[in-house]
There are 2 protein chains.
Amino acid sequence: MAQSDTVDRILDAAEELFAERGFSETSLRMITSKAKVNLAAVNYHFGSKNALIHAVFARFLSPFSATLETAFDDLEERCGGNPPTLNQTLWALTESAVRMPQRNDRGISIFMRLLGLAYTQSQGHLRKFLEQEYSQPFGRFMRLLKEATPELSSVDRYWRIQFMLGATAFTMSSSDALRDILQNKTGVETSVQEIAARLVPFLAAGMQAPDKLLTPPPESKVSVA
Amino acid sequence: MAQSDTVDRILDAAEELFAERGFSETSLRMITSKAKVNLAAVNYHFGSKNALIHAVFARFLSPFSATLETAFDDLEERCGGNPPTLNQTLWALTESAVRMPQRNDRGISIFMRLLGLAYTQSQGHLRKFLEQEYSQPFGRFMRLLKEATPELSSVDRYWRIQFMLGATAFTMSSSDALRDILQNKTGVETSVQEIAARLVPFLAAGMQAPDKLLTPPPESKVSVA
DNA sequence: GTCTGTTTGAAACATACGTTTGAAGCGCGG
DNA sequence: CCGCGCTTCAAACGTATGTTTCAAACAGAC
């Protein structure tokens with residue numbers, strides 16, 4: 001291709017390997033040999049391994065971020081002044097993720113897994129990069145969530161958002177494995193879209209759970225060993 | 001103490017470092033220098049780094065597993081034949097975790113964070129170790145969940161359990177950080193117990209969400225970039 | 001006190017990593 | 001054809017890792 005396809009081959013290989021093995025556990029040598037390029041190419045084109053990680057994220061996060069912004073625009077316009085509901089907000093998010101232009105059939109899975117890893121493998125530099133690069137759509141999502149759940153105290157909302165993020169990031173980060181397990185056990189095939197379709201109602205219900213509900217642990221006489 | 005406290009010092013240091021940095025990112029040299037023991041001591045007493053990781057888990061998972069079993073025994077006895085409710089089951093679990101005999105004040109946080117990491121940093125050997133070592137209480141928990149949610153199809157239940165695990169593991173694995181953020185933003189202090197008290201209702205509500213509820217994405221005209 | 005098995009200690013080993021180097025190869029305008 | 005950017009390549013560098021080695025220190029039994 002026009003602009004040296006070496007850089008794309010590296011990004012493709014890195015994306016896939018990062019997704020299936022994590023960042024620290026993936027060496028530049030694995031990446032370059034999978035991409036069939038010279039080892040030095042990574043440092044030549046990207047500067048460092050960390051910069052490569054950033055580039056991998058930027059490649060799919062930037063289009064996603066744009067798609068998401070227009071989805072939120074549409075949503076807010078459609079609601080004309082009234083704040084969108086929780087369900088609508090969550091759907092706008094998952095729809096944007098699912099509709100992303102894919103490089104290949106596993107695109108969505110990789111995308112999800114990488115996002116999960118980003119949250120999970122607390123690589124300081126990655127977190128910083130994502131925060132300062134994509135703070136706008138993230139902040140907007142938070143604002144929409146806030147307007148959609150006015151009945152929650154901000155502390156309650158804070159924790160429940162963390163729970164949502166957790167359920168999402170975790171599930172998505174191992175969606176491939178979970179799908180395979182289910183497939184083996186029951187023969188049921190599951191698409192990422194279906195997982196999302198099950199996840200959203202779960203999240204919405206949890207988010208709107210009756211109350212802090214400080215259920216006293218029901219009279220347990222557990223004798224601690 | 002009697003049986004060389006070297007091994008305990010190593011376990012203490014390893015536990016703490018693993019919890020705050022992850023497994024691959026923690027070197028044996030960090031561990032041994034924090035524990036003030038010789039580098040070779042790890043390989044002498046445990047055999048390998050992986051075996052050390054297993055030992056760290058076994059040290060708190062075995063008592064926990066025992067505590068959990070008696071909690072489930074109590075619960076089932078108290079229900080006399082009837083299957084315990086979802087709330088009861090979840091509470092039995094979190095109660096057991098919280099009531100664990102602690103080595104120090106941060107014990108619970110470390111415990112939680114390690115569990116989160118175990119699920120999250122897909123170290124093949126760890127997963128295998130945990131599966132074959134603690135399959136019994138885990139399987140029992142699954143059975144209780146199944147009996148507490150007979151209205152769910154097994155596929156629905158499967159996914160919702162994953163969502164619960166995700167919310168829990170993720171939240172717990174970063175509970176320290178999340179607590180600090182909230183503290184800085186609002187000045188509110190939060191104990192692990194309080195997090196659990198907020199998490200359980202969230203999980204229960206999500207688990208019992210109305211239905212698969214295949215909400216059609218509400219008429220979006222998103223133009224994908 | 002001496003012997004024996006266990007534990008510690010300092011040093012080295014082999015390997016893997018991210019990164020750098022400098023020469024070779026390439027495409028292209030002059 | 002030459003010369004000049006950009007890119008590729010093989011090789012090396014420096015560092016960090018997990019693990020091994022073997023001698024010294026130790027503790028308890030006789």
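Being a predicted model, the structure only gives us computed values, none of them experimental. Just so we're on the same page: letters track the sequence lines, and every chain starts at 1.
When side chains are defined from C-beta on, B:Trp159 counts as touching A:Leu178, because their heavy atoms get closer than 4.5 Å. The shortest distance between side-chain heavy atoms of B:Ile31 and B:Leu39 does not fall below 4.5 Å. Looking at B:Leu117 and B:Phe18, their side chains never come closer than 4.5 Å, going by heavy atoms from C-beta outward. A 4.5 Å side-chain heavy-atom check between B:Phe60 and B:Leu114 finds at least one atom pair inside the cut-off.
In this model, the phosphate group of C:dC17 is approached by a side-chain N or O of A:Ser27 to a distance below 4.0 Å at OP1 or OP2. Listed pair A:His45 / D:dC6 fails the phosphate criterion, with no side-chain N or O lying under 4.0 Å from OP1 or OP2. OP1 or OP2 of C:dT8 sits under 4.0 Å from a side-chain N or O of B:Thr6.
By the 6.0 Å contact criterion, CD on B:Gln136 is open, its count of non-hydrogen atoms from other residues, nucleotides or ligands being 12 or less.
Ring centers of B:Phe64 and B:Tyr134: at least 6.0 Å apart, outside the cut-off.
Of all heavy-atom pairs spanning B:Ser48 and B:Asn43, the tightest one is CA-OD1, 3.8 Å.
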Between the protein and nucleotides 9-14 of chain D, list every N/O to N/O distance that falls short of 3.5 Å.
residue	atom	partner	partner atom	Å
D:dA10	N7	A:Asn38	ND2	3.4

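Atom CZ in B:Arg21 sits about 13 Å away from atom C1' in D:dA16, given to the nearest Å. Put simply, CG on B:Leu52 is 15 Å from P on D:dT17, counting in whole angstrom units. Remark: C1' of D:dT17 and CE of B:Met30 are 10 Å apart, rounded to the nearest angstrom. Atom CZ in A:Phe46 sits roughly 12 Å away from atom P in D:dT7 (whole-Å rounding). Computed from coordinates, the A:Arg9 CZ to D:dT8 P distance equals 9 Å when rounded to whole Å. Atom-to-atom, CG of A:Leu28 to P of C:dG18 comes out at 4 Å; the value is rounded to the nearest Å. A:Glu25 places its CD atom 15 Å from the C1' atom of D:dG18, with the value rounded to the nearest Å. When rounded to the nearest whole Å, the span between NZ of A:Lys49 and C1' of D:dA16 equals 14 Å.
In the set D:dT8, C:dT20, D:dG18, C:dT20 carries the atom at the smallest distance from any side-chain atom of A:Asn43.
Using a 4.0 Å heavy-atom distance criterion, B:Thr26 is classed as a sugar-phosphate-only contact.
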